[in-house]
Amino acid sequence: RWVLSLQCRGSRNFMSALRRAVEVDFKDKDKHKSQGLYLLTTGIPDQETHTISAYVAEVCRGFDLQLHVCLFSVMEDVDSNGIISARYANPTETAIAFKKIVEVANGRFHWFGEAGIFESDDIIVIMSEMEKANNYSQKCAFLVESLKQRS
């Protein structure tokens with residue numbers, strides 16, 4: 001169920017957008033089995049990471065929801081309207097901040113840009129499953145070969 005589309009025009013006021021989503025759009029939380037918020041962003045929020053993390057941890061526990069972040073790294077420091085964010089961080093610092101926020105929200109982090117995918121929790125899980133499957137396959141092949149040699 002998609003319930004909101006928030007835009008922080010000219011800023012990255014994450015706290016204001018999250019408060020609106022939680023206080024307005026999730027007030028009927030008992031009617032829904034699971035809920036999640038997806039933040040699509042190009043840069044670091046205006047507020048400090050520790051402040052956001054504390055608020056997100058409290059909200060996510062209270063509403064039993066998860067916050068997922070999709071960070072799109074752009075090559076320029078200025079947005080399409082020529083507005084410079086109130087708070088600046090390079091792409092790596094931005095990714096680290098959002099990873100901390102997502103961690104307290106039991107969510108997933110995805111970081112991509114024009115060059116492709118830099119990091120994705122979903123891809124990490126898929127790669128882990130593929131490695132396990134490959135390992136089991138090798139063990140099975142070894143077992144079959146061992147049984148063939150015995151007979």
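Small disclaimer: the values here were computed from a predicted structure and weren't measured.
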Quiz prompt | H110: which of D122, V102, I117 passes side chain to side chain contact (heavy atoms under 4.5 Å, CB included) | solution = D122

Exercise. Is it possible for you to say whether L40 and I44 belong to one hydrophobic cluster, with membership spreading through side-chain heavy-atom contacts below 4.5 Å?
Key: no

Quiz item: Nearest heavy-atom pair of T49 and A97: which atoms, and what distance?
Solution: OG1-CB, 3.3 Å

Quiz item: How long is the span from the NE2 atom in H50 to the CD1 atom in I101, to the nearest 0.5 Å?
Solution: 11.0 Å

Quiz prompt | Heavy-atom neighbours of I124 CD1 exceed 12 at 6.0 Å | solution = yes

Quiz item: Is there a side-chain contact between K139 and L143, using heavy atoms and a 4.5 Å cut-off?
Solution: no

Self-check item: Distance-minimising heavy-atom pair for S53 and V104
Solution: O-CG2, 3.5 Å

Quiz item: Taking all non-hydrogen atoms of both residues, which atom of D46 and which atom of N13 are closest, and how far apart?
Solution: OD2-N, 3.6 Å

Self-check item: Over all atoms of both residues, closest heavy-atom pair of P45 and I52
Solution: CB-CD1, 3.4 Å

Quiz item: Going by an N to O cut-off under 4.0 Å, is there a salt bridge joining E103 and K100?
Solution: no

Quiz item: So, do T94 and L71 sit near enough that their side-chain heavy atoms are less than 4.5 Å apart?
Solution: yes

Self-check item: Sidechain-backbone polar pair: S137 side chain, A133 backbone, donor-acceptor under 3.5 Å
Solution: no

Exercise. May I ask you to check whether S73 and W111 show a side-chain donor-acceptor distance below 3.5 Å?
Key: yes

Quiz prompt | CZ on F142 to CG on L147, rounded to 0.5 Å | solution = 10.0 Å

Exercise. Establish, yes or no, whether a centroid distance under 6.0 Å links the rings of F112 and F72.
Key: yes

Quiz item: Are I123 and M130 joined in one hydrophobic group, where the rule is that I, L, V, M, F, W and Y side chains link up if heavy atoms are under 4.5 Å apart?
Solution: yes

Quiz item: With no hydrogens and no angle check, is any side-chain donor or acceptor of Q149 less than 3.5 Å from a backbone partner on S146?
Solution: no

Quiz item: Quick one: are L39 and F98 in side-chain contact, heavy atoms under 4.5 Å?
Solution: yes

Quiz prompt | Side chain D121, main chain F109, donor-acceptor under 3.5 Å | solution = yes

Exercise. Please confirm whether R108 makes a cation-pi placement over Y38, using NZ or CZ under 6.0 Å from the six-membered ring centre and within 45° of the ring normal.
Key: no

